[in-house]
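Everything numeric in this text was worked out from a predicted model, so none of it was measured.
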Amino acid sequence: MASAVIMPRQGNTVESCIVTKWHKKKGDKVAVGDILFTYETDKATFDEESAVAGTILEIFFEEDDDVPVLSNMCVIGEEGEDISEFTASVESTVQTKTEESKSEPEKVVEVSKPVETFKAAEGDIRISPRAKNRADRQGIDTAFAAPSGPGGRIIERDIEKLEKGGPAFTKAAAPTYEQGMAYQGSGIGGRVTAEDTRTKAVPNDFVEYEDAKVSNIRKVIGNAMHASLSGMAQLTLNSSFDATSIMNVRKSIKNMKDTLGLPNITLNDLVVFATAKTLLKHKDLNAHFTGDTIRRFNTVHMGIAVDTERGLMVPTLGYCDLMSLGTISNKTKELADMCKKGTINPDLLQGGTFTITNLGALGIESFTPVINPPQTAILGVCGIKTAVRGEGGNIEAYQSMGLSLTFDHRAVDGAPAARFLKDLCVSLENFDALLLGQEV
């Protein structure tokens, strides 16, 4: 019995998805678990697997189509089955899209045709005096002009055409100018000189640049970052702390994790844990600002920035302040894994009250993270480096970690933001005390 494959609804706020790739085509045999097509929302990319085995009898939408959720994407069944009941449900959608496209004015795109390469043999050049005079004035080699005059004669319009689209080089460069080579012209108007033909040629297979289509996710990230920077009064404070305590805690947990069944705790997990505990004392930073109101939260929904092949994603770790260190570690890894695989539910990519982004593994000492509206702040975690300090008249080295806090100055002043950063550094420098009364 034939069955339809629909465009899934990935989250309550998603109304449509874009088809990015079909992995199967009409007439292909599919098995349960085969990937049929890839699609993306404005936040994530997903693969749709076949739930049934059979033959693809029809495909209703093409790549790059913006498809409403729950629409029939294709039909799988046995060859020869009647699928009219499935096609009826998509006719209205297709008709609507067609009418919308007809209502838009047709765009006329002018495509310039490449100039055909032509070069006459020596002694075969016949040219009118007027054309020759123009060629001499412009420094054009008439051998490259394609004659259009009577009897195969070069006339002025042939020289004019050569000026606009023919080989642009000086007469001195003509003897050494090679067809098919790419030269970087340094002469007037970008013309290739004799010197250019000797020193500035590039191989025929050299590709100067490549154009790549901007993904839907990249567009969303770009629009969100631009809106954030243009709509907020963002300011960044940089500080650092002695990372000895958190490094010792991580080392102890790592040594005992197999014996006690503990998860693999990372330094970022420790920073997330300390930040969640500290934020509740500084609620203006754990808040949403809309311009007219500031909503201060009594719990922390922590956004954790994740670097993926498709772009930056920020899943939310809800009620992070109520979680143990072990739970934070496990949940963070689960969210990051779903983001990288493209299986994250879009509902898990919203609702954050504060965000942490970590570039420490890349050796960054300080940076300016960009706030996720309507949040009022974001914390950037930097790398560890060796620093020195005076202690009892002696100079000693220690491991220092940097923190970069960006806050919205419309909602938070500099001093309260600085106090939060100071308190967080104290919490991280005394992580053993912070863990008292908490389950690992």
> Indicate yes or no: does Lys341 engage Asp337 in a salt bridge with an N to O separation below 4.0 Å.
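Yes, this pair counts.
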> Identify the two heavy atoms, one from Ala417 and one from Leu405, that lie closest to each other, and give their separation to 0.1 Å.
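Here Ala417 and Leu405 meet closest at O-CD2, 3.5 Å.
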> Should the heavy atoms of other residues, nucleotides or ligands under 6.0 Å from CD of Glu396 be counted, would the total exceed 12?
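Yes, the 6.0 Å shell around CD holds more than 12 heavy atoms from other groups.
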> Tell me whether the centres of the aromatic rings in His288 and Phe297 are closer together than 6.0 Å.
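Yes, they do, as the ring centres are separated by less than 6.0 Å.
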> Can we say Asp269 and Arg250 salt-bridge, meaning some charged N sits less than 4.0 Å from an Asp/Glu carboxylate O?
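No, Asp269 and Arg250 are not salt-bridged.
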> Any salt bridge linking Glu58 with Lys26? Criterion: basic side-chain nitrogen under 4.0 Å from a carboxylate oxygen.
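A salt bridge links Glu58 with Lys26.
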> Any salt bridge linking Asp321 with Lys277? Criterion: basic side-chain nitrogen under 4.0 Å from a carboxylate oxygen.
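Judged by the 4.0 Å cut-off on N to carboxylate O distance, Asp321 and Lys277 do not form a salt bridge.
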> Side-chain donor-acceptor pair under 3.5 Å between Ser366 and Ser404, yes or no?
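Side-chain D/A pair, Ser366 to Ser404: absent.
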> Would you name the heavy atoms of Phe46 and Gly342 that are closest together and state the gap between them?
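Closest heavy-atom pair between Phe46 and Gly342: CD2-O, 2.8 Å.
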> Under 3.5 Å, is there a donor-acceptor pair linking the side chains of Thr38 and Asp47?
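Their side chains do contain a donor-acceptor pair, which is all the 3.5 Å distance test asks for.
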> Quick test of your reading of the model: are Lys340 and Asp307 salt-bridged, counting only N-O distances below 4.0 Å?
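A salt bridge is absent here (no side-chain N lies under 4.0 Å from a carboxylate O).
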> Classify the ring geometry of Phe37 against Trp22: parallel below 30°, tilted from 30° to 60°, perpendicular beyond 60°.
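The arrangement is tilted - the two ring planes meet at 30° to 60°.
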> Could you check Asp284, Leu424, Leu285 and say which one makes a side-chain contact (heavy atoms from CB on, under 4.5 Å) with Leu279?
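The side-chain contact (heavy atoms from CB on, under 4.5 Å) with Leu279 is passed solely by Leu285 among Asp284, Leu424, Leu285.
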> Do Asp408 and Thr376 have a side chain donor and acceptor closer than 3.5 Å?
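Thr376 and Asp408 do not have a side-chain donor-acceptor pair below 3.5 Å.
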> Quick test of your reading of the model: are Glu48 and Lys24 salt-bridged, counting only N-O distances below 4.0 Å?
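Salt bridge flag = no for Lys24 with Glu48.
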> Do Lys283 and Asn298 have side-chain atoms, one donor and one acceptor, less than 3.5 Å apart?
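Asn298 and Lys283 do have a side-chain donor-acceptor pair below 3.5 Å.
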> Give, for atom OG of Ser230 and atom CE of Met225, the distance between the pair rounded to the nearest 0.5 Å.
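So the gap between those two atoms works out to 11.0 Å.
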> Shortest non-hydrogen contact from Cys320 to Ile328?
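Minimum heavy-atom separation between Cys320 and Ile328: SG-CD1, 3.8 Å.
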> Would you please test Ile18 and Val67 for side chain to side chain contact (heavy atoms under 4.5 Å, CB included) and show each step?
CA-CA 6 Å; Ile18 294 176; Val67 183; over 6 Å; no
> Scan side-chain atoms only and decide if Thr87 and Ser84 contain a donor-acceptor pair under the 3.5 Å cut-off.
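Result is no, nothing qualifies.
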> Does Arg295 count as lying over the ring of Phe289, i.e. NZ or CZ under 6.0 Å from the six-ring centre, within 45 degrees of the axis?
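Judged by the rule, Arg295 and Phe289 form no cation-pi pair.
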> Would Thr353 and Gln375 count as a side chain to side chain donor-acceptor pair (under 3.5 Å) here? Give the steps.
CA-CA 6 Å; Thr353 60; Gln375 297 173 26; over 6 Å; no
> As a test of understanding, state which of Thr244, Asp242, Thr386 forms a side chain to side chain donor-acceptor pair (under 3.5 Å) with Gln399.
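Of Thr244, Asp242, Thr386, side chain to side chain donor-acceptor pair (under 3.5 Å) with Gln399 is met by Thr386 alone.
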